[in-house]
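The sequence lines fix the lettering, A, B, ..., with proteins before strands; numbering per chain opens at 1. The basis for the numbers below is simple: all heavy atoms, side chains too, and nothing from hydrogens, waters or symmetry mates. Keep in mind the model is a prediction, meaning the values are calculated, not measured.
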Amino acid sequence: DAGVTQSPTHLIKTRGQQVTLRCSPKSGHDTVSWYQQALGQGPQFIFQYYEEEERQRGNFPDRFSGHQFPNYSSELNVNALLLGDSALYLCASSNRDRGLSGELFFGEGSRLTVL
Amino acid sequence: QQQVKQSPQSLIVQKGGISIINCAYENTAFDYFPWYQQFPGKGPALLIAIRPDVSEKKEGRFTISFNKSAKQFSLHIMDSQPGDSATYFCAAHDSGYSTLTFGKGTMLLVSP
């Protein structure tokens with residue numbers, strides 16, 4: 001049973017560019033959340049998708065957007081990249097029917113470096 | 001505003017010793033408190049979790065102690081092993097938003 005898979009694992013962009021990160025949730029999961037983890041910090045919630053809609057959003061600007069597809073996979077898009085966007089981007093999946101257990105399964109992340 | 005405060009930032013423990021990591025929170029809407037373990041280059045993995053109606057939960061060498069009135073909880077790792085060397089994050093689940101808020105993490109090093 002494959003867990004949460006993310007791509008690409010590493011990428012380098014320059015300021016002002018745009019980036020798209022991809023995530024496939026764990027089998028049987030229908031909810032995808034994205035987190036940003038800066039170096040030496042804990043993950044920070046960006047947004048959550050369920051039934052192809054953004055359900056919750058953290059304190060991130062509109063440059064951060066996302067999408068969920070009918071097969072539950074998801075994309076995170078970041079426009080007009082800033083140096084401060086350099087971080088590990090984590091995708092986490094869960095099953096909404098399990099209720100508020102809060103158990104998230106994380107992928108290994110996409111390491112974004114903005115030069 | 002950091003909603004979950006975690007300490008210490010780093011910790012060195014000898015093999016066989018007890019590792020203790022503490023967290024505190026303010027938001028009374030938090031209803032579930034997991035601990036995650038993260039190795040370098042990997043995503044966080046759920047280690048153990050507790051609900052606020054329980055004061056202690058033990059799984060193997062890992063124990064969570066929870067003090068609801070003080071809004072504090074802690075992770076105890078008994079008989080710490082070099083393989084436990086990792087970064088540990090406490091987190092809190094917000095019942096209103098179905099999201100996790102993480103502490104800043106504790107880098108644990110267990111010396112052989």
Side-chain angles (χ1 to χ4, degrees), chain A residues 2-10 21 23-26 29-51 53-60 87-111, chain B residues 1-10 21 23-25 27 29-54 57 59 64 66 73 75 86-108:
Chain A
V4 179
T5 59
Q6 293 186 243
S7 63
T9 54
H10 295 83
L21 308 177
C23 171
S24 292
K26 181 179 170 62
H29 285 185
D30 56 9
T31 302
V32 172
S33 302
W34 287 91
Y35 288 78
Q36 180 194 65
Q37 186 177 18
L39 200 61
Q41 301 292 316
Q44 295 231 328
F45 175 73
I46 303 175
F47 42 53
Q48 181 185 85
Y49 277 84
Y50 172 68
E51 290 186 333
E53 289 190 15
E54 182 182 295
R55 300 293 177 169
Q56 304 290 348
R57 189 178 183 92
N59 189 25
F60 279 80
L88 180 67
Y89 288 85
L90 295 163
C91 172
S93 71
S94 58
N95 187 296
R96 200 168 188 88
D97 285 344
R98 290 195 61 195
L100 300 178
S101 68
E103 181 171 355
L104 298 183
F105 287 83
F106 284 87
E108 296 194 347
S110 294
R111 171 73 64 187
Chain B
Q1 180 183 1
Q2 184 186 358
Q3 296 191 53
V4 178
K5 295 185 178 180
Q6 183 172 348
S7 64
Q9 190 173 4
S10 62
I21 304 170
C23 285
Y25 65 97
N27 189 348
F30 290 151
D31 64 348
Y32 178 76
F33 300 87
W35 285 87
Y36 282 82
Q37 179 188 56
Q38 185 175 29
F39 292 103
K42 301 292 186 181
L46 179 66
L47 188 63
I48 187 173
I50 196 169
R51 293 190 181 276
D53 54 348
V54 176
K57 183 175 182 180
E59 290 184 0
I64 300 178
F66 189 86
F73 57 110
L75 175 69
T87 300
Y88 293 81
F89 295 96
C90 62
H93 180 266
D94 190 321
S95 61
Y97 296 96
S98 194
T99 61
L100 283 180
T101 299
F102 284 82
K104 289 191 173 183
T106 297
M107 190 177 300
L108 171 65

Tell me the closest heavy-atom pair linking B:Pro44 and A:Leu90, and the distance in Å. CD-CD1, 3.7 Å
Should we count CG of A:Asn59 as having more than 12 external heavy atoms under 6.0 Å?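 No, because the 6.0 Å sphere around CG of A:Asn59 holds 12 heavy atoms or fewer from other groups.
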Would you mind checking which part of A:Gln6 comes under 4.5 Å of any heavy atom in chain B, side chain (CB onward), backbone (N, CA, C, O), both or neither? neither
Mind checking whether A:Leu88 and B:Gln38 have side chains closer than 4.5 Å, heavy atoms only? yes
Roughly how far, to the nearest 0.5 Å, is OG1 of B:Thr99 from CZ of A:Arg55? 15.0 Å
Those residues that, when tested against A:Gln44, pass side-chain contact (heavy atoms from CB on, under 4.5 Å) (two or more places apart):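 Expected list: A:Phe60.
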Max heavy-atom pairs within cutoff under 4.5 Å with chain B, candidates A:Pro43, A:Gly40, A:Gly42, goes to A:Pro43
Treating B:Tyr36 as the side-chain partner and A:Phe106 as the backbone partner, does any N or O pair qualify as donor plus acceptor under 3.5 Å?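 Judged by distance alone, no pair lies under 3.5 Å.
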A:Gln36: what forms a side chain to side chain donor-acceptor pair (under 3.5 Å) with it, not counting sequence neighbours? A:Tyr89
